[in-house]
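For reference, the structure is listed below as structure tokens.
The residues of the chain are indexed from 1 along the displayed sequence.
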Amino acid sequence: MSRDHGARRPLTPVAPGSSPARPAPDQALLNAGSTQTLVAGVDAAVRVAADAVRCARGPSTGPDPAHLERLVAAADLDAPLGGLDRALAELGPLYLDDAVWFHHPRYVAHLNCPVSVPAVAADVIASTVNSSMDTWDQSAGATMIERRLVRWTADRLGLGPRADGVFTSGGTASNLQALLLARDHTLTLCGETVGSPALHRLRVLTSADGHFSVVKAASLLGLGGDAVVSVPVDEHRRMDPEALSRALTRLRAEDLVPMAVVATAGTTDFGAIDPLDAIAGLCRAHGAWMHVDAAYGGGLLASPAYADRLRGTSAADSVTVDFHKTWFQPVASSVVVVRERRTLRHATYHADYLNPVDADPEEKPNQVDKSLQTTRRFDALKLWLTLRTTGADAIGAMFDTCIDLAAAAAAAYRSRPGVEVLLDPPLSTVVFRVRPVGVVDGALLDRANDGARDRLFASGEGAVAATRVDGRRWLKLTLLNPATTLADLEHVVGLLEQHADDVVAEASGAAREAS
Ligand SMILES: *Cc1c(COP(=O)(O)O)cnc(C)c1O
């Protein structure tokens, strides 16, 4: 055993009882004799977290990374504090006091949500029981609950009786798995294998606004750097089906194979929903796998008002839904669902110790047969307790509130002379930029928006996201909190306008000094 801190340890162990109140070993691990310790520990932890939520005055304190790095580095990991209370107290300055709070009404930056309370409770159960989802003999009812939720989601997606799927750690993992199935399905149809040169003729088409995880997946799947073909978007930032049609025809002419089309139902920046019906028709005509990335738009499945916007998913071969975005679930909770259960076999590998080839999947279902992971957390329990407590309609109504708020915010921002809104929000993001009076230079406009965003975050008063459109900086509200009001968003944009004015004034002051 080589430990770099070994020299600091006493050569003879400290006699029992002489050190601080470190829990006895049998109390440090959960067992029938330590359940009181569990209850007290979880209670203490949740109180510390709840206090931090209650006391958060803004979405962030605008912490300095170097400062937090120093505080974290100062904790001696070889010298435990000897009690959960002390460790929880230490966590305040290291983490909780300066956390970024997604429940705060002026956190409107990324696709993060305030979390469902029953879901947090479910996470405590999931960690306490610690089921592992790989095999039936490590999970029992957990496997049944996950399977039922996959079935329920597949029904809402309209994927038909042979649909199946598996929970994953997120949209990135769900997209990767979907494209792995598409790759192996396509190669099988061509009578080829992964090792064959045909791999490099496979192409994946997605819109110019598709998620970067598609490119990452293509790379991980060995397809090569230029395997992802970017299809132009229309003026509403949806994939242009005519452009897709031309791209598919061109690939065929070049003897390349359109392995999959990834339609996005809710692009990360704009919330655009690609025309799913038209894309489905083209996929059929060209024999391409249709994947729908509904990581963001998947919340529409529960929406009382807008569910019809996702109708086209029924034609998909596979769909990604992130429950940890528009379903108000804590990270991580996502699912990949396929229309034909058989296609999941491309993710099936066997191990004698775990899921031997001769095991009967009807008798004892092993979810590892469908998953890219082995040991896997019971992340489906959160959604289950949310649906059984709050219900899908209420979840969907909360997302609807965010969608309506985005429309109202876009209208309110448009009415301000110093603000430009890029497009009518198809979902719950608003892409906009501030335009300080008299600024026409593009670079200065970018600087003003960048600076305004940074200063807003550093002030702790609000958090917005940023993106680029046609090479220029734009800002973005991502609305996933039904408690956010129009007044919050007016306040945020007012602050951004002030900060942008300051940036421009400072820049022109500096320019005067230099001349
Ligand atoms: C968020 C997002 C992803 C990635 O999901 P993760 O859960 O962050 O891995 C993929 N696609 C779209 C459209 C997304 O918005």
Would you give me the side-chain donor-acceptor pairs under 3.5 Å for residues 396-411, sequence neighbours excluded?
| residue | atom | partner | partner atom | Å |
| --- | --- | --- | --- | --- |
| D400 | OD1 | S303 | OG | 2.6 |
| D400 | OD2 | S303 | OG | 3.2 |
| D400 | OD2 | A305 | N | 3.0 |
| T401 | OG1 | A397 | O | 3.0 |
| D404 | OD1 | Y306 | OH | 2.4 |

Between W474 and V421 the two heavy atoms that sit nearest each other are CZ3-C, 4.3 Å
Side-chain donor/acceptor of R339 to backbone N/O of S318, under 3.5 Å | no
Does the T267 side chain pair with the main chain of A272, one donor and one acceptor, at a distance under 3.5 Å?
yes
What one should report as the nearest heavy-atom pair of Q329 and L383 is OE1-N, 3.2 Å
Distance col, row E340:CD vs L159:CG, nearest 0.5 angstrom, shows 10.0 Å
Taken to the nearest 0.5 Å, the spacing of S459 OG from E461 CD works out to 5.0 Å
- prompt: Using 30° and 60° as the class limits, which term best fits the ring planes of Y107 and H110: parallel, tilted or perpendicular?
  reply: tilted
inquiry  = Tell me whether R341 at atom CZ has more than 12 heavy atoms from other residues, nucleotides or ligands lying less than 6.0 Å away.
reply    = yes
In terms of heavy-atom contacts, L96 and A52 come closest through CB-CB, 4.1 Å
Looking only at heavy atoms, the pair that brings H211 and D293 closest together is CB-OD2, 3.8 Å
Quiz item: Quick check: does any side chain N or O of T478 sit under 3.5 Å from a backbone N or O of A109, one acting as donor and the other as acceptor?
Solution: yes
Where the side chain of S508 meets the backbone of A505, is there a donor-acceptor pair that is under 3.5 Å apart? yes
Around atom CZ of R345, are there more than 12 heavy atoms from other residues, nucleotides or ligands closer than 6.0 Å? yes
(Q) Would T186 and W289 count as a side-chain hydrogen bond (donor to acceptor under 3.5 Å, both in side chains) here? Give the steps. (A) CA-CA 8 Å; T186 307; W289 178 285; over 6 Å; no
### Task
Give the intermediate values and the outcome of side chain to side chain contact (heavy atoms under 4.5 Å, CB included) for residues T153 and R156.
CA-CA 5 Å; T153 309; R156 290 212 165 206; 5.7 Å; no
Handout entry: Note: R376-D134 ion pair, threshold 4.0 Å (strictly below)
Key = no
Under the criterion side chain to side chain contact (heavy atoms under 4.5 Å, CB included), I'd like the reasoning laid out for I279 against M239: C-alpha separation, chi angles, the key distance, then a yes or no.
CA-CA 9 Å; I279 293 169; M239 187 191 285; 3.7 Å; yes
Sub-4.5 Å side-chain heavy-atom contact between V430 and V108 = no
Of all heavy-atom pairs linking V504 and A448, the shortest is CG2-CB, 3.9 Å
Checking S333 against D379: is there a side-chain donor and acceptor pair closer than 3.5 Å?
no
message: Distance alone, cut at 3.5 Å: any donor-acceptor contact between the side chains of H324 and S334?
response: no
S207 and D274 have their tightest heavy-atom pair at CB-OD2, 4.2 Å
Applied to residues 419-445, the side-chain hydrogen bond (donor to acceptor under 3.5 Å, both in side chains) test, sequence neighbours excluded, yields Y296-S428, R414-D424, E420-R433, E420-R435
Measure the shortest side-chain to side-chain distance between Q367 and R147 over non-hydrogen atoms and say whether it is less than 4.5 angstrom.
-> yes
With a 4.5 Å limit on heavy-atom distance, are the side chains of P436 and L445 in contact?
yes
Using side-chain heavy atoms (C-beta onward) and a distance below 4.5 Å, is L456 in contact with V492?
yes
Check your understanding: Has R447 got more than 12 heavy atoms of other residues, nucleotides or ligands less than 6.0 Å from its CZ?
Key -> no
The residue among T188, L199, V204 that forms side-chain contact (heavy atoms from CB on, under 4.5 Å) with R183 is L199
Check: Less than 4.5 Å apart, any side-chain heavy atom of H291 and any of T320?
Finding: yes
L480 and T326, any side-chain heavy atoms less than 4.5 Å apart: yes
Q.
For K382 and D123: C-alpha separation, side-chain torsions, deciding distance, then whether side chain to side chain contact (heavy atoms under 4.5 Å, CB included) applies.
A. CA-CA 6 Å; K382 300 179 265 221; D123 264 352; 3.2 Å; yes
**Prompt:** Under 3.5 Å, is there a donor-acceptor pair between the side chain of T313 and the main chain of L157?
**Reply:** yes
Check: For D488, does its backbone N or O pair with a side-chain atom of R106 as donor and acceptor, under 3.5 Å?
Finding: no
Interatomic distance, OG@S314 vs CG@L310, rounded to 0.5 Å, equals 10.5 Å
*Report the C-alpha distance between R416 and E497 in whole Å, list the side-chain angles of each, state the deciding distance to 0.1 Å, and finish with yes or no for side chain to side chain contact (heavy atoms under 4.5 Å, CB included).*
CA-CA 10 Å; R416 301 174 85 102; E497 286 177 315; 2.9 Å; yes
Practice prompt. Please say whether more than 12 non-hydrogen atoms of neighbouring residues, nucleotides or ligands are located less than 6.0 Å from CZ in R468.
Written response: yes
In this structure, CZ of R237 is separated from CG of D269 (nearest 0.5 Å) by 8.0 Å
Notebook entry, point to check: With distance as the sole test, does W327 use its side chain to make a donor-acceptor pair with the main-chain N or O of G298 at under 3.5 Å?
Noted result: yes
Quiz item: Is the side chain of N449 donor-acceptor paired with the backbone N or O of V434 at a distance under 3.5 Å, no angle test?
Solution: yes
Whether R238 side chain and E235 backbone form a donor-acceptor pair below 3.5 Å: no
Checklist entry - For the side chain of N366 and the backbone of V368, is there at least one donor-acceptor N/O pair under 3.5 Å apart? => result no
Rounded to the nearest 0.5 Å, the CZ atom of F167 sits from the OG atom of S174 at a distance of 9.5 Å
To the nearest 0.5 Å, atom CG of D501 lies from atom CG of L496 at 11.0 Å
inquiry  = Is any side-chain heavy atom of L344 closer than 4.5 Å to one of V166?
reply    = no
Note to self: Is the shortest side-chain heavy-atom distance between N481 and F102 below 4.5 Å?
What the structure shows: no
Hey, can you pull the donor-acceptor pairs under 3.5 Å for the side chains in residues 240-264, sequence neighbours left out?
| residue | atom | partner | partner atom | Å |
| --- | --- | --- | --- | --- |
| D240 | OD1 | E242 | N | 3.0 |
| T249 | OG1 | S245 | O | 2.9 |
| R252 | NH2 | H286 | O | 2.8 |

